[in-house]
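In what follows, a single structure is set out as structure tokens and then discussed.
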Protein chains: 2
Amino acid sequence: MTQRRVTIKQVAAEAGVSITTVSHVLNDVPGKRVHPDTRVRVEDAARRLGYVPNSLAQSLRTQRSNTIGFVGDEIATTPFAGKIILGAQDVALARDAVVFVVSTGYQREVENREIEELLRRQVDGILYASMYHRPVELPPQLASVPTVLINATCTGSGVPWVVPDEVAGGEDAADVLLTAGHRRLAFINDVDEIPAAFGREEGFRRRAARAGLHDDDLRVVTAETDPAGGYAAARQLLAHADRPTGIFCFNDRLAMGVYRAAAELGLRIPEDLSIVGFDNQEIVAEGVHPGLTTIELPHYEMGAWATEQLFDQIEAGPGARPAAPARKLRGPVIHRASVAPPSRGHDPGERREPSDLARQRQA
Amino acid sequence: MTQRRVTIKQVAAEAGVSITTVSHVLNDVPGKRVHPDTRVRVEDAARRLGYVPNSLAQSLRTQRSNTIGFVGDEIATTPFAGKIILGAQDVALARDAVVFVVSTGYQREVENREIEELLRRQVDGILYASMYHRPVELPPQLASVPTVLINATCTGSGVPWVVPDEVAGGEDAADVLLTAGHRRLAFINDVDEIPAAFGREEGFRRRAARAGLHDDDLRVVTAETDPAGGYAAARQLLAHADRPTGIFCFNDRLAMGVYRAAAELGLRIPEDLSIVGFDNQEIVAEGVHPGLTTIELPHYEMGAWATEQLFDQIEAGPGARPAAPARKLRGPVIHRASVAPPSRGHDPGERREPSDLARQRQA
DNA sequence: TTGTAAGCGTTATCAG
DNA sequence: CTGATAACGCTTACAA
């Protein structure tokens with residue numbers, strides 16, 4: 001904003017018309033007819049001068065900034081934020097809007113500060129995103145601004161939200177293992193009591209039950225969601241003779257630890273042990289050997305959906321806030337090389353389960 | 001921006017003064033004295049009404065938007081973007097500014113579109129960032145806007161830039177290995193001919209030479225910078241009897257591959273083989289076992305420095321653009337468990353090199 | 001110490 | 001079909 005830019009006034013002068021006319025032609029005002037000749041004159045002038053309308057002035061006048069705010073809890077530590085933001089950005093840009101990004105670091109103090117800064121700038125709406133699926137408390141300042149929650153829910157607030165379909169994810173994971181023929185399964189779940197932990201376990205169990213698995217053929221243990229946690233849990237799980245032949249890990253990092261445990265135990269993946277992860281953190285899922293089959297989290301899609309939703313809300317105006325839409329998005333399973341049929345020694349002649357994956361992608 | 005917010009006019013009415021006075025007290029205009037009583041009256045009114053100044057109007061008037069744009073090439077695939085943005089955001093917020101984030105996906109088309117969108121919004125300046133250190137071509141539209149390059153250089157443009165100090169990184173890596181007592185070193189470099197590849201090799205060699213290493217005690221090979229590349233290179237490197245006892249890897253992902261090669265060869269890390277990586281991608285450097293000692297890339301710092309720089313440029317005005325400052329930032333070495341003295345079998349009684357790490361952090 | 005009024009760059013209403 | 005002109009919400013000479 002340092003050097004003065006070309007204004008509509010200069011274009012008008014150059015074209016020898018009034019600024020009104022310039023505005024008319026440049027905005028293609030419906031119902032306003034302008035002579036073809038003057039139209040080209042104006043367009044030429046604008047082009048020649050390199051005129052770019054000043055959004056600030058436009059927004060001031062139209063009460064619409066075509067700008068949205070993205071407030072995330074931690075943008076730097078996980079690779080997730082980028083995908084969500086990209087999804088948001090893509091749909092925003094399609095509407096000539098752009099997005100302010102701020103990161104709170106989980107500090108209420110700075111969150112308030114940042115939201116204030118966004119509001120001051122008259123953002124049309126706000127995307128409030130968590131980096132992991134959880135219930136959140138809505139900052140009070142957002143009560144009167146179009147808002148949608150990403151990876152977060154806030155009961156009673158009437159604010160739309162979108163989260164991953166955890167149950168479906170658990171089902172898909174079980175499905176992958178069952179389809180490969182496994183009949184002795186384990187799930188290393190997150191110790192933390194969060195929606196993802198509940199949902200994935202529910203889905204995993206449900207799908208296993210549907211396949212007729214006995215209770216004692218499905219073990220569920222909990223661990224810290226890092227490689228060390230996975231390692232410890234796997235050592236325990238794999239110590240017994242009737243060890244599981246397929247393990248579903250709460251996330252990919254944790255899965256790294258079970259890879260290590262398996263290696264130490266002389267268990268080959270996938271011949272002796274099949275593993276499925278969660279998150280599809282490319283850097284680990286692709287980096288590990290053999291590649292990790294895993295369930296992807298729909299970050300981009302959540303960002304995109306939320307933004308569509310936000311614009312709908314903005315366009316609907318402050319009037320009726322109809323039943324706030326909410327959505328669970330299912331992520332795809334990414335097949336790599338960590339799943340194979342169980343070796344004969346452990347699961348002789350088991351029949352394969354038919355795949356369930358043909359169900360439609362979105363819950 | 002949907003519902004009409006409180007304006008300065010309403011505050012004035014509520015306080016029973018003119019809008020001028022409100023402006024004066026709220027902005028603490030220097031040299032303007034206002035009666036203590038009216039000051040509190042105004043402040044009360046503002047608080048009561050929940051007044052928040054409209055930045056758009058302010059900007060229009062003051063020709064300063066307190067807004068900067070961040071254009072990155074890919075924001076979603078690497079975990080780096082988040083850190084750079086966070087650095088930028090932190091210093092921006094300290095100046096009551098906020099940042100628009102856009103990602104180009106390496107497509108000129110969308111880059112132009114996005115930059116236009118930013119300019120239209122009168123950003124005060126632009127941060128142009130690459131996710132890996134490289135020379136770039138400056139989009140022409142940025143020629144007349146305060147700009148600073150992050151992780152990128154553009155010779156002849158006169159635009160300030162900040163990049164990692166690759167040479168120092170290479171030196172530090174060598175230093176870690178030499179200090180541990182290693183005398184047979186290898187560097188698995190990136191096949192791509194990029195500044196990081198040149199710089200790190202230069203630094204690594206220089207430091208090794210300084211330690212008196214012979215040429216044949218330092219092998220340099222190239223590979224794709226992924227686990228597979230590292231694996232292949234390591235297999236080759238470790239096949240010989242006079243294998244290196246310490247390997248420096250161009251990056252952490254590649255290092256994952258050498259971990260695997262070592263495991264297959266029955267070489268223990270760090271007892272039989274020491275490894276140092278680059279990037280400090282926590283998820284792999286911490287996830288791998290034993291933890292990977294690595295050189296961190298100063299993403300946050302680059303983002304922060306660039307933003308300081310940008311504000312300086314903005315405040316200096318469009319007048320003199322003095323010798324554009326440029327900076328190489330050295331990243332810290334993150335010590336974990338992948339480096340130890342070479343085992344006796346291979347390097348009997350070698351003396352330890354004194355550490356070089358005490359040198360100041362910034363080049 | 002406080003207020004009037006101009007103007008930042010647009011859009012929109014209403015006359016010509 | 002085209003053009004004055006009044007907002008939009010704010011800062012800032014300049015007056016009172």
Side-chain angles (χ1 to χ4, degrees), chain A residues 1-43 45-46 49-67 96 119-122 124, chain B residues 1-43 45-46 49-67 96 119-122 124:
Chain A
M1 215 160 155
T2 307
Q3 50 261 304
R4 222 30 149 271
R5 290 207 246 276
V6 183
T7 78
I8 199 177
K9 212 178 279 185
Q10 301 174 44
V11 177
E14 175 86 6
V17 299
S18 74
I19 63 170
T20 306
T21 304
V22 176
S23 178
H24 284 346
V25 354
L26 263 27
N27 294 341
D28 258 328
V29 197
K32 282 299 187 191
R33 314 205 57 90
V34 11
H35 192 91
D37 288 2
T38 66
R39 150 157 274 129
V40 308
R41 233 168 350 120
V42 169
E43 281 165 346
L49 266 36
Y51 171 67
V52 175
N54 181 329
S55 284
L56 264 32
Q58 289 181 146
S59 302
L60 190 58
R61 185 59 237 247
T62 61
Q63 303 291 0
R64 183 80 138 71
S65 67
N66 287 308
T67 269
D96 301 311
L119 260 22
R120 213 193 203 48
R121 277 168 181 83
Q122 315 297 115
D124 292 331
Chain B
M1 214 162 157
T2 307
Q3 50 262 303
R4 220 33 147 270
R5 292 208 245 276
V6 183
T7 78
I8 198 178
K9 211 178 282 183
Q10 301 175 44
V11 177
E14 174 87 5
V17 299
S18 75
I19 64 170
T20 305
T21 303
V22 175
S23 178
H24 284 345
V25 354
L26 262 28
N27 294 340
D28 258 328
V29 196
K32 281 300 186 193
R33 316 204 55 92
V34 12
H35 191 93
D37 289 0
T38 67
R39 149 158 276 128
V40 308
R41 227 158 7 108
V42 169
E43 282 166 345
L49 266 36
Y51 172 66
V52 175
N54 181 330
S55 284
L56 264 32
Q58 290 181 144
S59 302
L60 191 57
R61 183 60 238 251
T62 61
Q63 302 292 355
R64 184 82 137 67
S65 68
N66 287 308
T67 269
D96 301 313
L119 260 22
R120 209 193 207 48
R121 276 165 182 86
Q122 315 296 115
D124 293 330

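- Straight-line distance from the CZ atom of R64(B) to the P atom of dG9(C): 17 Å, rounded to whole Å.
- The base of dT10(C) lies outside donor-acceptor range of the side chain of T7(A), with no N or O pair under 3.5 Å.
- Listed here is the closest heavy atom pair of L49(A) and V6(A): O-CG2, 3.3 Å.
- The main-chain N or O of R64(A) is found under 3.5 Å from a side-chain atom of S59(A) such that the two form a donor-acceptor pair.
- Residue R33(A) has its side chain nearest to dC1(D) when only dC1(D), dT11(D), dT11(C) are considered.
- Protein atom CZ of R120(B) is 16 Å distant from nucleotide atom P of dG9(C), rounded to whole Å.
- To the nearest angstrom, C1' of dC8(D) lies 14 Å from CZ of R61(B).
- Residue T38(B) places at least one side-chain N or O closer than 4.0 Å to OP1 or OP2 of dT2(C).
- When rounded to the nearest whole Å, the span between CD of Q63(A) and P of dG9(D) equals 5 Å.
- Regarding H24(A), its NE2 atom lies at a distance of 9 Å from the C1' atom of dC1(D), rounded to whole Å.
- In terms of polar N and O atoms assigned as donor or acceptor, the side chain of T20(A) comes within less than 3.5 Å of the base of dA4(D) in a complementary pairing.
- When distances run from any side-chain atom of H35(B) to the nucleotides dT1(C), dG9(C), dT12(D), the shortest one goes to dT1(C).
- Taking atom CZ on R121(A) and atom C1' on dG9(D), their separation rounds to 15 Å, with Å as the unit.
- Spacing between atom CG of N54(A) and atom C1' of dC8(C) amounts to 9 Å, rounded to whole angstrom units.
- A salt bridge links R39(B) and D28(B); the closest N-O separation between the charged side-chain nitrogens and carboxylate oxygens is under 4.0 Å.
- Side-chain atoms of T21(A) and S18(A) include a donor-acceptor pair closer than 3.5 Å.
- Taking only side-chain nitrogens and oxygens, S23(B) comes nearer than 4.0 Å to OP1 or OP2 of dT11(D).
- Taking atom NZ on K32(A) and atom C1' on dT13(C), their separation rounds to 8 Å, with Å as the unit.
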